[in-house]
Amino acid sequence: MKNTALTHVHEKLGAKMVPFAGYNMPVSYEGVTAEHETVRTGVGVFDVSHMGEFLVSGPHSLELIQKVTSNDASKLVDYQAQYSCLPNDTGGIVDDLIIYRINAEKWVLVVNASNIEKDWNWISKHNSMGAELRNLSEDFSLLAIQGPKAVEAMQSLTSEDLNAIKFYHFKVADFAGIENVMISATGYTGSGGFEIYCKNSEVEQVWNKVFEAGAAYGIKPIGLAARDTLRLEMGYCLYGNDIDDTTSPIEAGLGWITKFTKDFINAENLQKEKEKGPERRLVAFELNERGIPRQGYDIVDGNGKVIGNVTSGTMSPSLNKGIGMGYVPTIFKDPGTQIHIQIRKNAVPATVVKLPFYKG
Amino acid sequence: MNIPQNLKYTEDHEWVLIDGDIATVGITDFAQGELGDIVYVEVEALDETVERHEVFGTVEAVKTVSDLFSPLSGEVIEFNDSLESDPEKVNSDPYGEGWIIKIKISNPEEIEALLDDAAYKAIIEK
């Protein structure tokens, strides 16, 4: 199992560590509910250095990116980021990712830790145009500094005006005494803040300075458990749960990042699926009664017939009720539709809702 | 790790306090730490007779759900219903206010099969 450059720091802080995507990662420090609350109301820091980073460069960069991803990267300007996915050739998704344009010939793709090797092989296989590809995953660390107080708490660490970095834009600037740090106004929590990319050799200094600067704002370390409850309250898909090699971006509700204005792998079939309408849809639901939906539980109709299963579920700390997502036949997709979640012996009534669950 | 000497334990990470023919049952400090923040404690077997090792309820944490197994055979005569509104007591005071049920013991011989604190400590340190 791999460690991040900060594993010893988490252990010293008393974090509960778990294996995740081949890495020894902190799942919680003081407890998921308190950590969740910290990010919703203050500022918290996640070590998510397990994530993968690929550098795509040279004159054929955009051509490769346009071919393997579903969103239209030609719309990006320098220092802008975009959420996208890598469609496979059988209707599913190889991975979801964020694309950063540094300039027209220099791009960074940030992918899920569990898929680094799969994505690398997939993108390399389709690089017939000869873009330069480098896997930087082992050399770079990633800290997500998230929460409504993130901007104010971190401003003293950089000469950039953090407030001026718009959502899904970034800067390459000084941060915590280190030059050429990527400061990105992105995140997986819905509470604002930044993602900070730096070298492994620099990350401990960055971590320490972030905690010094954030002390007056009550900054705390946050584990993967709260990362999951935060992202699920926003309805953000988690690869391996809500999307995978067998789910199409159309049925997953990722039509907004699937642009048929350009050609890409499997575009023709996905366009047909979109025109015809998918047979099933990823929906979000809230339980009407107490209970917690969990991944793998059956979704049933009023007659007890299984119509799908839960892909992600949790107790929502902000809403204080059970929430989840799962695939159901399209006739059950509209908000307000009544479904049931089979929780052990009980079919607990639930209502299909619009995302996000958490509206701030 | 807090493992009081006056209690008995099970391999399912429950503790048992024996007082005459009444057993008070909860989950251990180790168990609450592993589960994380507890949001519901449900006991389905109140006023029912349960066998040793039978499921008498469930405890739901934010991240996971776990069955509760009866450490002894008997009748579940009381549920700590303050856990309905304050389930976090199981996290904050697992051996005190976080107790879960009381059982009227029907087969005292089963008490012999429970673990003492040293044996339980050995299990969680494995």
Side-chain angles (χ1 to χ4, degrees), chain A residues 14-20 25-40 222-233 238 241 287 289-297 310 312-324 341-346 348 357-358, chain B residues 1-2 12-13 27-48 50-51 53-70 76 79-94 97-98 100-101 124-126:
Chain A
K16 189 154 110 191
M17 306 295 287
V18 294
F20 182 83
M25 299 296 288
V27 66
S28 65
Y29 300 82
E30 63 174 318
V32 55
T33 311
E35 290 168 36
H36 183 105
E37 181 73 7
T38 295
V39 174
R40 285 279 180 253
I222 314 293
L224 290 183
R227 185 169 165 84
D228 191 52
T229 53
L230 288 158
R231 71 92 195 167
L232 189 49
E233 283 187 346
L238 172 62
N241 281 37
L287 294 195
E289 296 170 9
R290 75 179 230 172
I292 306 178
R294 311 270 180 196
Q295 186 182 19
Y297 285 5
V310 176
S312 285
T314 192
M315 177 75 184
S316 162
S318 303
L319 281 65
N320 198 29
K321 59 168 95 165
I323 61 170
I341 309 302
Q342 192 68 41
I343 302 180
R344 296 179 290 281
K345 280 174 269 171
N346 304 319
V348 179
F357 295 106
Y358 174 75
Chain B
M1 192 61 60
N2 183 9
D12 301 314
H13 307 287
I27 65 168
T28 65
D29 188 28
F30 174 80
Q32 69 78 20
E34 288 297 300
L35 288 167
D37 295 346
I38 289 163
V39 287
Y40 301 130
V41 180
E42 288 184 4
V43 168
E44 291 140 8
L46 186 59
D47 300 327
E48 290 176 17
V50 291
E51 298 294 315
H53 296 318
E54 192 180 334
V55 173
F56 72 80
T58 50
V59 61
E60 295 242 23
V62 175
K63 295 311 298 178
T64 186
V65 59
S66 182
D67 282 331
L68 293 164
F69 297 94
S70 185
V76 180
F79 166 55
N80 178 5
D81 53 19
S82 75
L83 300 180
E84 295 267 4
S85 54
D86 299 308
E88 63 277 6
K89 283 180 181 173
V90 177
N91 290 119
S92 59
D93 191 10
E97 288 191 8
I100 297 173
I101 56 165
I124 61 176
E125 283 175 356
K126 244 196 283 194

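In the text below, chain A, chain B and the rest are named by the order of the sequence lines, each starting its count at 1.
Ranked by non-hydrogen atom pairs under 4.5 Å with chain B, the options A:Gly291, A:Ala34, A:Pro317 are led by A:Gly291. Your options are A:Val32, A:Thr314, A:Asn320, and the one with the most heavy-atom pairs under 4.5 Å with chain B is A:Val32.
A distance of 8.5 Å separates CD1 in A:Ile343 from CD in B:Glu42, rounded to the nearest 0.5 Å.
Just one of A:Ile292, A:Asp228, A:Thr229 meets the side-chain contact (heavy atoms from CB on, under 4.5 Å) condition when paired with B:Val62; it is A:Thr229.
Qualifying side-chain hydrogen bond (donor to acceptor under 3.5 Å, both in side chains) partners for A:Ser28, counting only residues two or more places apart in sequence or in other chains: none. Evaluation of the side-chain hydrogen bond (donor to acceptor under 3.5 Å, both in side chains) rule for A:Lys16 yields no partner, not counting sequence neighbours. Remark: A:Arg294 engages B:Glu60 in a side-chain hydrogen bond (donor to acceptor under 3.5 Å, both in side chains) (not counting sequence neighbours).
Counting heavy atoms from C-beta outward, B:Val65 and A:Arg344 have side chains that approach closer than 4.5 Å.
Proximity to chain A (any heavy atom under 4.5 Å) is restricted, for B:Val39, to the side chain, taken from C-beta onward.
For B:Glu54, the CD atom sits in a packed shell: over 12 heavy atoms of surrounding residues, nucleotides or ligands are nearer than 6.0 Å.
Near-neighbour residues of residues 84-94 of chain B relative to chain A, defined by a heavy atom under 4.5 Å from a heavy atom of that chain, comprise B:Glu84.
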